**Q** 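Quick one: the structure is below, questions incoming.
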Amino acid sequence: MNLFLIVVSAVLINNFILTKFLGLCPFVGVSNQIDASIGMGGAVIFVMTIASAVAWLFQTYILNPLNIGFLQTISYILVIAALVQFCEVVINKVSPSLKQALGIYLPLITTNCAVLGVAILNFRSNYTFIESVFNGFGSGLGFTMALLLMAGIRERIELAPIPRSLKGASITFITASLMSLAFLGFSGLIPQ
Amino acid sequence: MSKLIVTPAPHIKDSDTVSKQMRNVFIALIPALIASVIFFGTNALVVIITTVLSSVLFEVIILKIRKKAIKKSDISSSALTGLLLAFCVSSFMPWWIMILASFIAIAVAKHAFGGLGFNIFNPALAARAFILASWPVLMTTWLAPYAAITSATPLELLKENGISADYLTMFIGNHAGSIGETSAIALLIGALYLLVTRTIDFRVPASYLITVVAMSLVMGQDIVFQLLAGGLILGAFFMATDPVTSPVTKPGRWVFGAGCGFITMIIRVWGGYPEGVCYSILIMNAVVPLLDRYLQGRIFGCKRWNVV
């Protein structure tokens, strides 16, 4: 039940994009097409889950015993980036179809703030290994949901007579802010 | 040959227009308007008049700035947005907040997306969510009917003290709440008018209310109370049915209403807010483009639903 609540919380209440405002660059960059955002979403779920797992292991077995917690940020970036690159090479070799799906999106998000954010927030919340992995997975799922909704909206408003000064990224941010207001309704759903 | 006129489809035309639809909704809202003035007096009237006038004013100003022609449908739709916005706030709201809310509704939620017919979110509800986030205390201070004392809404009483209200009071609307949402009977008369004149499609409110009933059963809530409480009737018949922000296809409408009902009950029972109608419709508004894309109706001549 606890793991379920962690996933629900990561998707709806503490959504990375709509509540924490992290990972906005891939959100605005890729949300102009539904197909692209499905690929991106898959890549984010994958990377966030992997990053949560490996960052937890790294924190528990290397940073904590050696008492070098101050190196957390920089070492997380390094470890996550290296791991994702490694995964990419493996996927390339093992599953060409998966490579086709995640394709170019994997390297794009390896050093994204949302991925680093989920690793650090796992540490701050004192999650166990399993909880961290589920939180990473849920955060990726929440990111994908927001991305898909936004892609649908953007495909619809593509031909709308939006004032010229608001076209493109501006209207995307306005839409995101209204979505964020709407998702405020879920706040307090799970007592912290 | 000169009489041959070549035009694209549709070829069957109806006398129905946007302003005619808006007029029907206005007529349908008259009973609720009268009820609100009876219960909340001049306070409510001031809020309603301020909001409607400022919405129309912002519409005209923005159309002028965008160098667009001012049509009858623009005026009537913005007046309707203003009326619905006034209906979903407390009669306690100061006039200047309502002017700001009208600006958010008309300028941000509607004209930033291209104006009438292009908005993704219901303008009145987007503005309500905005002022609820900005002035949470004012937005949740309710006045009791006929009196200048503050009181709690039935949903707040249920959530905080576990007290359920009496059905008849809730049906007539003689209790604290937003200006236009309290009187179930007045709203239902209007809803009936909308359904008879076919201004709204029955699918959205039907699936919305059925889902609320089903969720109440599953969650062990009082069904009649949940149906009469809060802005459910106002939301289901007058806001979720907005033709611009609800799905075009029939299966899409069923799913849209069900999603609204589901989220409403989740927020009411487990959420931090006592009421979830406004948020549920806004969230489902964001899903509408995907519903329209993936749940297309049955193509004429085909047997199966065409789900892409």
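Labels below follow one simple rule: chain letters A, B, ... track the order of the sequence lines, proteins then strands, and each chain is numbered from 1. Because the structure is a prediction, the values reported are computed rather than measured.
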**Q** Heavy atoms, side chains only, cut-off 4.5 Å: are B/H111 and A/P163 in contact?
**A**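 Result no, sub-4.5 Å side-chain heavy-atom pair not found.
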
**Q** For B/F113 versus A/A160, what's the shortest heavy-atom pair and its separation?
**A**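 Smallest heavy-atom distance, with atoms named: O-CB, 3.5 Å.
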
**Q** Supply the atom-to-atom distance B/N285 CG to A/L178 CG, rounded to the nearest 0.5 angstrom.
**A** 10.0 Å

**Q** Mind ranking A/L159, A/L149, A/L166, A/I174 by heavy-atom pairs under 4.5 Å with chain B and telling me who comes out on top?
**A** A/L149

**Q** Flag the one option from B/I104, B/L132, B/V269, B/L282 with the top tally of heavy-atom pairs under 4.5 Å to chain A.
**A**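 So the answer, after comparing B/I104, B/L132, B/V269, B/L282, is B/L282.
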
**Q** With a 4.5 Å heavy-atom cut-off, do B/I263 and A/F186 have their side chains touching?
**A** yes

**Q** Using non-hydrogen atoms only, which part of B/K68 is less than 4.5 Å away from chain A: side chain, backbone, both, or neither?
**A** side chain

**Q** Do other residues, nucleotides or ligands put more than 12 heavy atoms under 6.0 Å from A/I74 CD1?
**A** no

**Q** With a 4.5 Å limit on heavy-atom distance, are the side chains of A/L181 and B/F121 in contact?
**A** no

**Q** Determine whether more than 12 heavy atoms belonging to other residues, nucleotides or ligands lie under 6.0 Å from atom OH of B/Y273.
**A**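 Atom OH in B/Y273 is crowded, with more than 12 foreign heavy atoms closer than 6.0 Å.
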
**Q** By a 4.5 Å heavy-atom criterion (distance strictly below it), what part of A/S170 contacts chain B: side chain, backbone, both, or neither?
**A**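 Contact with chain B involves no heavy atom of A/S170 at all.
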
**Q** Does NZ in B/K71 sit with more than 12 non-hydrogen atoms of other residues, nucleotides or ligands closer than 6.0 Å?
**A**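 Atom NZ in B/K71 is not packed in, count stays at 12 or less.
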
**Q** Can you tell which part of B/I120 gets under 4.5 Å to a heavy atom of chain A, answering side chain, backbone, both or neither?
**A** side chain

**Q** Any side-chain heavy atom of A/I34 within less than 4.5 Å of one from B/L290?
**A** yes

**Q** Would you say CZ of A/F21 has more than 12 non-hydrogen atoms from neighbouring residues, nucleotides or ligands within 6.0 angstrom?
**A**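 Buried by this count: over 12 neighbours within 6.0 Å.
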
**Q** Does A/I162 reach the side chain of B/F118, with side-chain heavy atoms less than 4.5 Å apart?
**A**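 With C-beta onward as the side chain, the pair stays apart.
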
**Q** Could you measure the distance from the CZ atom of B/F130 to the OG atom of A/S177? Nearest 0.5 Å is fine.
**A**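 So the CZ of B/F130 and the OG of A/S177 are separated by 9.5 Å.
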
**Q** By a 4.5 Å heavy-atom criterion (distance strictly below it), what part of A/I157 contacts chain B: side chain, backbone, both, or neither?
**A**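 Side chain of A/I157 only, per the 4.5 Å heavy-atom cut-off to chain B.
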
